[in-house]
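Throughout, a chain's letter reflects where its sequence line sits, starting with A, and its residues are numbered from 1. As the structure is a prediction and not an experimental result, all values here were calculated from the model.
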There are 2 protein chains.
Amino acid sequence: MTPARPYHHGNLRQAVLDEAVAVVRERGAAELSLREVAAAIGVTHAAPRRHFPGRQELLDALAVEGFTRLGVRLREAVDASPGYPARIHAVATAYLDFATAEANLVELMFAHKHGADGEAVGRSAEAAFAPLLQVFRQGEAEGLLAGRSPDRLALILLATLQGLAGLVNCGVAPADQVGVLVDEAVARFPHAAGSSAAR
Amino acid sequence: MTPARPYHHGNLRQAVLDEAVAVVRERGAAELSLREVAAAIGVTHAAPRRHFPGRQELLDALAVEGFTRLGVRLREAVDASPGYPARIHAVATAYLDFATAEANLVELMFAHKHGADGEAVGRSAEAAFAPLLQVFRQGEAEGLLAGRSPDRLALILLATLQGLAGLVNCGVAPADQVGVLVDEAVARFPHAAGSSAAR
DNA sequence: ACCTGAACACCGTTCAAGT
DNA sequence: ACCTGAACACCGTTCAAGT
């Protein structure tokens, strides 16, 4: 019943995660060093081993945390908008805001090299994308999808947003045109604001 | 006038690049070690320094090589197809073939951390995407774009393809549905095969 | 259970020296 | 010009030992 008895930090696992997130945010996953993280929070380099057996496990945990944060943002964006077409634009904007603000973390999340906890990462990713799926299923229920598969449309929108964020983050797409590009990308989904009606 | 006099390998730079590409292809950029590459081709670890001052410069050179290869594939796909709408599908398929077959290399190419040679990487990327731009400009010239900007459409298609490849490579999108997803994604561009006519 | 401290093999980078 | 060999600081991982 006693809350996790503090030794040095109350919760070493969370302290490691927080510091690691900060390093990834500033310098990228490639620069993440277990020894540096341990030193920064004042423990020896072998202490975090009880919580993260190796570097890969820490990276996986960071990916899960990233997907959880992303999922919250997408959920908020969906809930804050009224109906089907508006929600597509809202969730798309929220996605690009997160993916450009947390470029290094998102790059880590989508790195296709995950360890034994790969399933956990995959599950957290699916959970994060659930709001996006919900929007298209709502659109289908309202007969706005012209017979197209809501799951496939959601996957393609997701790909477009993730790809757009990647192009912006690596400098191929101009950052100051993100808004216009999102508008143009979103407009190409059935009955979104300014889609085929613009012809 | 004498061709680059061979010392140990005829061309150490190319030998390093070839070995490095092989390592990245098999194990990913994170596992790339300059010392291991040097040992594999039979020189000491400091020998490649004349060609690649540091690890970052080698990674940049690998990215340039990757974009060059990608550009060749896209160019071939465009040239092998007859007109505007068919070429979109051809270039999209070629892109996903390359990006899924060379997952590790593509991940390196789009990593947003490049060194002092960042401009060179950017220029090679632009050159690789030129065939894609050409297709949409051709479509515009034929009046098939409904007034939309060919450059923006090209960027959005590129984002969708790159995002799709990333989702497939990290396991979010099922690999056996790539064909269907490409069809669906491409169908949403003006006058592509099976686009709005399918309604 | 949680953490320390020493050890091992590996890495990127630097540099004086060879041919 | 091109390459060697030694050195330095750093890293991930392992493990016996402490409390």
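Of the possible polar contacts, none joining the B:Arg73 side chain to the B:Ala94 backbone as a donor-acceptor pair under 3.5 Å is found. Within the 3.5 Å criterion, the main-chain N or O of B:His45 finds no donor-acceptor partner in the side chain of B:Arg35.
Between the CD atom of B:Gln56 and the C1' atom of C:dG12 there is a distance of 13 Å, given to the nearest Å. For the pair B:Arg50 CZ and D:dT4 C1', the interatomic distance rounds to 11 Å; values are reported in whole Å. The CZ atom of A:Arg27 sits 13 Å away from the P atom of D:dC10 (whole-angstrom rounding).
For B:Arg35, taking side-chain heavy atoms from C-beta onward, the closest of the listed nucleotides C:dC11, C:dT4, D:dT13 is C:dC11. Closest approach to the B:Ala46 side chain among C:dT4, D:dC3, C:dC15 is made by C:dC15 (side chain taken as heavy atoms from C-beta onward). The side chain of B:His45 approaches D:dA7 more closely than any other nucleotide in the set D:dA7, D:dC11, C:dC2.
Remark: A:Asp151 engages A:Arg137 in a salt bridge, criterion side-chain N to carboxylate O under 4.0 Å.
When both distances must be under 3.5 Å, the Watson-Crick or G-U wobble mate of C:dC10 does not exist. Remark: D:dG5 base-pairs with C:dC15. Criterion, Watson-Crick or G-U wobble with two distances under 3.5 Å.
Counting non-hydrogen atoms under 4.0 angstrom, A:Leu32 reaches the backbone sugars and phosphates but no base. At a threshold of 4.0 angstrom between heavy atoms, the contacts of A:Arg55 are confined to the sugar-phosphate backbone, with no base atom among them.
Judged by closest nucleotide on DNA chain D, B:Thr44 is the one of A:Leu34 and B:Thr44 placed further toward the 5' end.
Counting distance only, with no hydrogens placed and no angle test, the side-chain atoms of A:Arg49 and the base atoms of C:dT4 include no donor-acceptor pair under 3.5 Å. A donor N or O paired with an acceptor N or O is not found under 3.5 Å between the base of D:dA1 and the side-chain atoms of B:His51.
For B:Ser33, a side-chain nitrogen or oxygen approaches OP1 or OP2 of C:dG12 to under 4.0 Å.
A cation-pi arrangement, defined by a distance under 6.0 Å to the six-membered ring centre and an angle within 45 degrees of its axis, is absent between B:Arg69 and B:Phe98.
When ring centroids are compared, B:Phe110 and B:Phe67 come within the 6.0 Å threshold.
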